[in-house]
Amino acid sequence: MKVSCIFLPTLIADRAIAGRICVVFDVLRASTTIVTALENGCQRIIPVATPAEAQKMKEKLSGSESVLLAGEREGRRIAGFDLGNSPGEFTAERIRGRTIIMCTTNGTAAILGAQGARSVLIGSLANLGAVVRRARVGEDVILLCAGKEGGISLEDIVACGAFVEAMVGEGSGSSGIELDDGAMVALEAFRASRDDIVGVLRKGNHGRYLESIGFGRDLETCAQRDVSDIVPYFDAATGSIEVRVAE
Ligand code: MLT
């Protein structure tokens, strides 16, 4: 079994993702928010690329489903949307039973970009252990970092490294799992910073930006590990992210 890590969605074209499991990581904050929303009982999440597309989708679904618009531009809630992209906004009271149409700058774009894979899973620190357990079935896995506007993101790479370590174990012995260079870089990044994950989130470019616009608390939320057993799947056929009980 092989585990690979792609640091940016724009690099997907260089690799064959068809037929593989792809886990998309946008630790700050889309992945963490998706896990939180599904954990708190939202019906499904429809990722879209633009705010205009979100509005159009809302018009299409409003007769049949109870819809909320969520997402950000430059980290802030999009004008006219119900929710931004802070995990803390997605409380059970607010979102239980609702369909959420979600548009974020990098996270939802990365999810849509991965739809050629056999399964697209959403990974974060919050549900890391659950995603690792799902991935252990033995198929090759590609870890995809959402990054930030074309640049790599430290926290996504470190979270992928945490995933890799959970797959191969803490030792340096053979686990029967083959890592590509990206997965090895991620593993080393995680091992160098494992004792201060919130510090990693604060150090990276996007974390610093989020703190500067008043979302420092989100960094602490997004640094929490294994607080959910949810494994969200993106189904390209329905266009929605849901929790699937079994494959
Ligand atoms: C994104 O998708 O670009 C991020 O989740 C941005 C954010 O922190 O809201």
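The basis for the numbers below is simple: all heavy atoms, side chains too, and nothing from hydrogens, waters or symmetry mates. Counting starts at 1 for both ligands and their atoms, following the listed order.
The residues Arg133 and Asp229 are annotated as salt-bridged, a charged nitrogen and a carboxylate oxygen being separated by less than 4.0 angstrom. Under the 4.0 Å criterion applied to side-chain N and carboxylate O atoms, Arg77 and Glu89 are not assigned as salt-bridge partners. A salt bridge does not link Lys58 to Glu65: none of the charged side-chain nitrogens sits closer than 4.0 Å to a carboxylate oxygen.
No heavy atom of Glu149 sits closer than 4.0 Å to any atom of ligand 1.
Between Thr99 and Gln43, the side chains place no donor N or O within less than 3.5 Å of an acceptor N or O (distance only, hydrogens not considered). Between the side chains of Ser228 and Asn127, no donor-acceptor pair is found at a separation under 3.5 Å.
Selection from Asn85, Ile213, Thr32, Thr105 by nearest heavy atom to atom 7 (C) of ligand 1 gives Asn85.
The cationic atom of Arg73 (NZ for Lys, CZ for Arg) does not lie both less than 6.0 Å from the six-membered ring centre of Phe81 and within 45° of the ring axis.
Taking only nitrogen or oxygen atoms, main chain and side chain alike, Thr108 does not reach within less than 3.5 Å of ligand 1.
Taking every non-hydrogen atom of Ala30 and a distance limit under 4.0 Å, the qualifying atoms of ligand 1 come out as 2 (O), 5 (O). Counting the atoms of ligand 1 from 1 in the order shown, those under 4.0 Å from a heavy atom of Leu28 are 4 (C), 5 (O), 8 (O). Close contacts between ligand 1 and Thr104 involve ligand atoms 1 (C), 2 (O) [criterion: under 4.0 Å to a heavy atom]. Atoms of ligand 1 lying under 4.0 Å from any heavy atom of Gly107, numbered from 1 in the order shown and given with element: 1 (C), 2 (O), 3 (O).
Residue contacts with ligand 1, taken as heavy atom pairs separated by less than 4.0 Å, involve Arg29 via backbone and side-chain atoms alike.
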Practice item. Before giving the answer on side-chain hydrogen bond (donor to acceptor under 3.5 Å, both in side chains), spell out for Ser86 and Asp218 the whole-Å C-alpha distance, their side-chain angles and the decisive distance to 0.1 Å. Key: CA-CA 6 Å; Ser86 286; Asp218 287 358; 2.6 Å; yes
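His206 NE2, 2.6 Å is the protein heavy atom nearest to atom 8 (O) of ligand 1. Atom 4 (C) of ligand 1 has its closest protein heavy atom at Asp26 OD2, 3.4 Å.
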